[in-house]
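Take a look at the structure set out below.
Lettering of chains follows the sequences in order, A, B, ..., and the numbering in each one begins at 1.
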2 protein chains.
Amino acid sequence: MSQQRHGSTPGEAGGVPAFPDLPEATIARLPEYLRALHHLAETGAETVSSEGLAAAAGVNSAKLRKDLSHLGSYGTRGVGYDVSLLVAQIEYILGLDENRAVCLVGVGNLGHALAGYAGFASRGFRVVALFDTDPKKVGEQINGLTVRHLDDLERIAAEESIAIGVIATPPGTAQTVADALVAAGVTSILNFAPGVLSVPSNVDVRKVDLAIELQILSFHEHRKASLTALPGGRAAAASPDKQPEDQEAVGS
Amino acid sequence: MSQQRHGSTPGEAGGVPAFPDLPEATIARLPEYLRALHHLAETGAETVSSEGLAAAAGVNSAKLRKDLSHLGSYGTRGVGYDVSLLVAQIEYILGLDENRAVCLVGVGNLGHALAGYAGFASRGFRVVALFDTDPKKVGEQINGLTVRHLDDLERIAAEESIAIGVIATPPGTAQTVADALVAAGVTSILNFAPGVLSVPSNVDVRKVDLAIELQILSFHEHRKASLTALPGGRAAAASPDKQPEDQEAVGS
DNA sequence: CGCGATTTGTGCACGCCTTCACAAGCGCCT
DNA sequence: AGGCGCTTGTGAAGGCGTGCACAAATCGCG
Ligand SMILES: NC(=O)c1ccc[n+]([C@@H]2O[C@H](COP(=O)([O-])OP(=O)(O)OC[C@H]3O[C@@H](n4cnc5c(N)ncnc54)[C@H](O)[C@@H]3O)[C@@H](O)[C@H]2O)c1
Ligand SMILES: NC(=O)c1ccc[n+]([C@@H]2O[C@H](COP(=O)([O-])OP(=O)(O)OC[C@H]3O[C@@H](n4cnc5c(N)ncnc54)[C@H](O)[C@@H]3O)[C@@H](O)[C@H]2O)c1
């Protein structure tokens, strides 16, 4: 059942008992819960019901309760969840209390925007290095960081204990960059370049492909159009919602 | 909402009357297949086996065959799939042959990068309008397009038959922008601002949240770290592989 | 001190998705 | 013409995730 016996809050690393074996689908939703909780905290709320939090996160309340129960959650029946406690719990599970160092490779159009993005810092990450291979880019100052040459990756990654790398280079060089990241000891990669990366099984890759998102939307447009052309005036019904998420990663 | 009526698909002989009812999971993978196919076509390949295409797209070959079978695919046993035919089929299904018009709202850091992204055009979309509310931004020329004020959205959306909108504004204004898009007749939204959007049930929303991706990676880092702290050198085993993918969308 | 209102945690059933395994179909070679 | 090897398409099984419905737990109040 519930092992609430775990009176210790996050912050301690030595004797982490058994790491909870969360379903991937749950993991993908935790960040959304966290964002909603932070928002609630700002409004002064001290507790939230599963119903309230679910609404704020755009999910079903039963699903939310099950998700939270998986991480041996602290909730009080008849009352709800303690906001700040839950925030701490989720941040601990996600490892955000480590304020992980992130590096960004490819300071072009997109990389520039990412380098200046405040959402990194506010959500538990530190961008500690920028890399590029273009001599015109190397040396440039962006948002307080100097663009380094990719050749320095290995050294700097070690110095700064970088575990996460973001790839924002053209598709053709993405695999090369990924190899370099892996060689430098990076074990998590977020890839913005279209295409499939091949990495060792202990490295996790997540991919963001704008065109894929648009194409999925396009499909639904196509579908909607072909339905409109049909008989029944199938219009908007009272469908609750649906705001899924997921992806998966490699592992070994 | 009135789009030209399209008769039938590019390579269809017998007639594909009803719109195929594809599983969401399949739809999410079709764009990846398409990208892989385009790549193969460039290398001169005329046919591909499910095994080959699956490898190029980073999925299981059985899954790929089932996916393609859902859209009544044309493959030849003992030979494989005809590349160009399959490209045409998937593009038709995804509605890419309509070269859909897309508008972008919020020409800031991220919006600027998106506005200049060549990947839109090359994958079946036309960015036809940019919007912002900042007087300093309105009127600016970006990549051949003039930034318009959001107030012009409704008129321009109608003129250009814009069905897809991209939101790249600060989180606080995302809902307002979404409402404006919906009012202008946009029925598909790609949202880069963190948070949950509320839209009518006939509007599809897909969300891209960088911080969520990083947090998921962070979780796996955390997990990997806690495993490393365990018993013997249980390093890499003979785990085949695993390629992710997925997300979902609203519908109705 | 007990009762009712409230909300969590979860057993269970259902449906979707993945994966295996194999028969059917196709081209080629002899 | 016939056989052989290759590849597709799919039936069936298993796993995962979702959502319902409800018992258990807790609080506030009389
Ligand atoms: N711009 C966008 O809005 C956008 C959106 C989605 C995806 N993408 C993808 O993101 C990637 C980057 O897009 P972009 O528009 O910024 O391209 P870009 O050409 O503007 O920038 C690419 C940068 O990567 C650098 N680079 C090239 N090879 C490198 C290497 N081996 N090591 C390190 N750096 C290297 C280049 O010098 C350049 O600065 C592309 O794969 C693109 O498809 C871009
Ligand atoms: N910059 C990034 O790399 C990045 C990455 C991921 C997500 N995001 C998200 O994307 C969004 C935009 O980020 P950004 O860095 O470009 O911010 P930004 O502040 O640079 O740009 C926001 C732009 O939106 C405009 N705007 C504000 N209110 C508007 C409205 N009501 N209608 C139209 N335009 C409006 C502003 O004038 C500004 O030009 C944010 O929600 C951010 O969280 C950004």
Side-chain angles (χ1 to χ4, degrees), chain A residues 1-6 20-30 32-33 45-55 57-83 85-86 89 239-249 251, chain B residues 20-30 32-33 45-83 85-86 89 239-251:
Chain A
M1 301 244 180
S2 42
Q3 36 189 43
Q4 295 187 263
R5 205 53 295 243
H6 191 276
D21 196 10
L22 306 177
E24 274 299 318
T26 294
I27 297 163
R29 283 187 293 265
L30 289 181
E32 196 69 54
Y33 300 158
E46 294 196 351
T47 62
V48 221
S49 68
S50 63
E51 201 71 48
L53 182 53
V59 301
N60 184 298
S61 70
K63 194 188 297 188
L64 178 130
R65 285 198 299 276
K66 183 150 294 186
D67 283 342
L68 294 186
S69 78
H70 280 134
L71 42 92
S73 133
Y74 294 74
T76 308
R77 297 174 189 226
V79 176
Y81 299 91
D82 181 290
V83 173
L85 180 57
L86 200 49
Q89 271 292 332
S239 183
D241 77 273
K242 225 175 164 192
Q243 189 108 270
E245 217 121 321
D246 196 277
Q247 238 205 29
E248 237 269 71
Chain B
D21 195 11
L22 306 177
E24 274 298 318
T26 295
I27 297 163
R29 283 187 294 265
L30 288 182
E32 196 69 53
Y33 300 158
E46 295 196 351
T47 62
V48 221
S49 67
S50 63
E51 202 71 49
L53 182 52
V59 301
N60 184 299
S61 71
K63 194 188 297 188
L64 178 128
R65 285 199 299 277
K66 181 145 293 186
D67 282 343
L68 294 186
S69 79
H70 280 135
L71 43 91
S73 132
Y74 291 74
T76 309
R77 297 174 189 229
V79 177
Y81 299 91
D82 181 289
V83 173
L85 179 56
L86 200 49
Q89 272 290 334
S239 184
D241 78 274
K242 223 174 168 191
Q243 277 277 21
E245 226 118 320
D246 200 278
Q247 231 207 24
E248 237 267 69
V250 202

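For B/Leu64 and D/dT8, the CG to P distance is 8 Å, given to the nearest whole Å. The distance from atom CG of A/Asn60 to atom P of C/dT10 is 17 Å, rounded to the nearest whole Å. Across the protein-nucleic acid pair, A/Asp21 atom CG and D/dG17 atom P stand 10 Å apart, rounded to whole Å. When the P atom of D/dG15 is taken as reference, atom CD of A/Glu24 falls 18 Å away, rounded to whole Å. Between the C1' atom of D/dT8 and the NE2 atom of B/His70 lies a distance of 14 Å, rounded to the nearest Å. In this structure, CG of B/Leu53 is placed 20 Å from P of D/dC6, rounded to the nearest angstrom. As a whole-Å value, the separation of B/Leu22 CG from C/dC17 P is 11 Å. Atom CG in A/Asp67 sits roughly 14 Å away from atom C1' in C/dT8 (whole-Å rounding).
A donor N or O paired with an acceptor N or O is found under 3.5 Å between the base of C/dT19 and the side-chain atoms of B/Lys66.
Between A/Leu68 atom CG and A/Lys63 atom NZ the span is 13.0 Å, to the nearest 0.5 Å. Within the model, atoms CD of B/Glu24 and OG1 of B/Thr26 stand 9.0 Å from one another, a figure rounded to the nearest 0.5 Å.
The side chain of B/Tyr81 approaches D/dT8 more closely than any other nucleotide in the set D/dG11, D/dT8, C/dG9. Among the nucleotides C/dA21, D/dG17, C/dT8, the one closest to any side-chain atom of A/Ser49 is C/dT8.
In terms of position on DNA chain D, the residue among A/Arg65 and B/Gly80 whose nearest nucleotide sits closer to the 5' end is B/Gly80.
Shown here for A/Ser61 and A/Ser50, the closest heavy-atom pair between the two residues is CB-O, 4.0 Å.
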Response to the item:
Each nucleotide of nucleotides 25-30 of chain C classed B (base within 4.0 Å of a protein heavy atom), S (only sugar-phosphate) or -, in 5' to 3' order, makes BSS---

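OP1 or OP2 of D/dT8 has at least one side-chain nitrogen or oxygen of B/Ser50 nearer than 4.0 Å. At the phosphate of D/dT18, OP1 or OP2 sits under 4.0 Å from a side-chain N or O atom of A/Arg29. Of the side-chain N and O atoms in A/Lys63, one or more sit less than 4.0 angstrom from OP1 or OP2 of D/dT18.
Between A/Leu86 and A/Leu53, some side-chain heavy-atom pair lies under the 4.5 Å cut-off. Side-chain contact between A/Leu30 and A/Leu71: present, with at least one pair of heavy atoms (C-beta onward) separated by less than 4.5 Å. Inter-residue side-chain proximity for A/Arg29 and A/Val59 is flagged as met; some heavy-atom pair is nearer than 4.5 Å. The shortest side-chain heavy-atom distance between A/Tyr33 and A/Leu64 falls under the 4.5 Å cut-off.
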